Amino acid sequence: MRLSSMADYAVVVMAAAARHCGGTRVSAVQLAQETGLPTPTVQKLVSCLANAGLLRSSRGVGGGLKLARPAAAITVADIVEAVEGPIALTACVEKGKHECTLEGACTVRPHWPLVNEALRGALAGVALTQLTQALPTPQPLPSEYAA
């Protein structure tokens, strides 16, 4: 399973916005410059993220974007769901979807919600603050260990 490009970019944009947390508001153009993403893509994502209650936007002098709640209270699951909708590995658990030829006899279908919840729980365990922290730089091996 892979995240869509838009979900991936949404995480990148939110991490950039979180680095401004507590500071001044930031614009979509500035987030685009910081992340290297095209401005129209960032503007589209900002709209989705604001509609989901993850970003707050204000106009006028001193306006811009800010996290709607503390970065520690926003998870990767929140961000992915803002862009993609509910986290699910299969479409068969969605109401109204009848695309599987095994649907009538599938014994696994009733268990997919358990799998989907486990996946969502894993993503919900990663707070946005964790994505803004610098990772330690790996130290080179001493010359006697180098191959």
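Computed from a predicted model, the values in this text were never measured in an experiment. Keep in mind that the numbers below use all heavy atoms, side chains included, and drop hydrogens, waters and symmetry copies.
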Can you name the nearest heavy-atom pair linking [X] to [Y], along with the distance?
X	Y	value
T132	A15	CG2-O, 3.5 Å
I87	N116	O-CB, 3.8 Å
A10	V83	CB-CG2, 3.5 Å
A16	H20	O-CD2, 3.2 Å
V26	Q30	CG2-OE1, 3.2 Å
A124	A77	N-CB, 3.6 Å

Scan side-chain atoms only and decide if T75 and D78 contain a donor-acceptor pair under the 3.5 Å cut-off.
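Result is yes, a qualifying pair exists.
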Please list, one pair per line, the donor and acceptor atoms closer than 3.5 Å that link side chains of residues 44-57 to other protein atoms, with sequence neighbours excluded.
unit_1, atom_1, unit_2, atom_2, d
N51, ND2, S47, O, 3.3
R56, NH2, A68, O, 3.3

Tell me, please, which residues at least two apart from E34 pass salt bridge (charged side-chain N to carboxylate O under 4.0 Å, His left out).
none
Student check: side-chain heavy atoms of [X] and [Y] closer than 4.5 Å:
X	Y	result
L65	R25	no
L131	V76	yes
Q43	T39	yes

Looking at Q130 and A127, would you say the former's side chain and the latter's main chain have a donor-acceptor pair under 3.5 Å?
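Here the side-chain-to-backbone pair exists.
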Would you say the side-chain atoms of T35 pair up with the backbone N or O of L31, donor to acceptor, closer than 3.5 Å?
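The answer is yes, because a donor-acceptor pair under 3.5 Å joins these two groups.
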OH/Y9 to CD1/I79 distance, rounded to the nearest 0.5 angstrom?
16.0 Å
Rounded to the nearest 0.5 Å, how far does CZ of R19 lie from CG of L67?
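Rounded to the nearest 0.5 Å, the CG-CZ separation comes to 11.0 Å.
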Linking I/L/V/M/F/W/Y whenever any side-chain heavy atoms sit under 4.5 Å apart, do M6 and L3 land together?
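Shared cluster, yes.
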Examine L114 and W112 and state if one hydrophobic cluster contains both, with Ile, Leu, Val, Met, Phe, Trp and Tyr joined whenever side-chain heavy atoms are less than 4.5 Å apart.
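As far as the 4.5 Å side-chain criterion goes, W112 and L114 are not connected within one cluster.
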